[in-house]
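Here's the structure, in C-alpha cells; my notes come after.
Worth knowing before you read on, the calculation uses all heavy atoms, side chains too, and leaves out hydrogens, waters and symmetry mates. Residue numbers run from 1 in the order of the sequence given.
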Amino acid sequence: MSEEKKQSVLAGFKAFLMRGNVIDLAVAVVIGAAFTNVVNSIVKGVINPLVGAFGTQDLEKYSSCLKQPCKPDENGVMQGIPINWGLVLSAVLSFLITAAVVYFLMVLPMSKYLARRAAREKAKDATAEIMEVTEIELLKEIRDALVAQRGSGHDTTP
C-alpha cells in the first residue's frame, strides 16, 4: 500500500471517529451497559422477591411441564419438556422497567426542554419579524417625507 493511500485511509478513519454522532453513540452504549446493571439489580433484588411472595422465591424458577415428568433422571438428563415461563416474565419486567425509566427520566424531560426551546425560538423569530416590518415601515415613512420635502421646496427640473 502506498504512503498516500495509508494517509487517506487514516484521515478518513479519523474523520469518521470525530463525527459527533459516533461519539454520542459510544457514550450511549457505555451508559446503557451501566444502566443495564442497575435495572437487573432492581428486577432481581426488588421485583422478583415481590412477585415471588405469591409463589416461589425466584421469579425465574416459575415453570410448567409440557410432558411429564419434568425431572432429571439419574444421568442428569431432563425427562419431559419443561417450559420456563418465569425467565420470559422476568425479561419482560426488566424491559418494562428499563423502558419506563428511560422514558420518564430521559425522553420526557428532553422533549419538554426541546418544546420550550422551540417556543422561545419561535417567539424570538416573531419578534425579529415584527422589528423588520417596523423598520420597513419607518424607512417608507422617511422616503415619503423626503419625496414630499423634495417636491414642495425645490424644483429640480432643468
Side-chain angles (χ1 to χ4, degrees), residues 1-67 70-140 142-143:
M1 214 181 226
S2 69
E3 187 66 30
E4 289 177 18
K5 198 169 190 178
K6 284 182 184 178
Q7 287 293 336
S8 66
V9 169
L10 289 176
F13 183 66
K14 181 180 176 185
F16 169 74
L17 288 179
M18 296 311 285
R19 286 187 195 159
N21 55 358
V22 173
I23 304 289
D24 292 343
L25 181 61
V27 169
V29 167
V30 170
I31 289 175
F35 187 68
T36 299
N37 288 335
V38 172
V39 171
N40 287 340
S41 297
I42 290 171
V43 170
K44 290 184 184 202
V46 177
I47 302 298
N48 284 355
L50 287 175
V51 174
F54 300 106
T56 63
Q57 293 299 317
D58 188 6
L59 182 63
E60 294 179 2
K61 290 183 181 174
Y62 281 110
S63 64
S64 298
C65 191
L66 191 61
K67 182 179 176 188
C70 283
K71 297 178 184 172
D73 63 6
E74 57 274 350
N75 296 329
V77 177
M78 182 62 77
Q79 300 295 312
I81 302 173
I83 307 279
N84 297 322
W85 56 271
L87 290 171
V88 176
L89 185 59
S90 178
V92 168
L93 284 174
S94 181
F95 170 76
L96 290 175
I97 291 168
T98 304
V101 169
V102 168
Y103 180 76
F104 290 113
L105 295 182
M106 295 178 191
V107 173
L108 191 62
M110 184 58 105
S111 64
K112 285 184 179 183
Y113 167 74
L114 291 176
R116 277 184 288 176
R117 189 169 141 192
R120 271 189 256 129
E121 288 293 323
K122 187 176 179 182
K124 186 191 280 186
D125 290 344
T127 303
E129 187 176 310
I130 290 171
M131 288 177 60
E132 281 182 24
V133 169
T134 306
E135 288 176 4
I136 290 173
E137 302 241 347
L138 181 62
L139 289 172
K140 285 180 181 178
I142 292 170
R143 179 198 65 200

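- Taking OG1 of Thr36 as the start and CD1 of Ile31 as the end, the distance is 11.5 Å to the nearest 0.5 Å.
- The side chain to side chain contact (heavy atoms under 4.5 Å, CB included) test with Met110 singles out one residue from Val107, Leu114, Leu108, and that residue is Leu114.
- Shortest non-hydrogen contact noted between Ser64 and Trp85 is OG-NE1, 3.0 Å.
- Cys65 SG to Ile83 CD1: the interatomic distance, rounded to the nearest 0.5 Å, is 8.5 Å.
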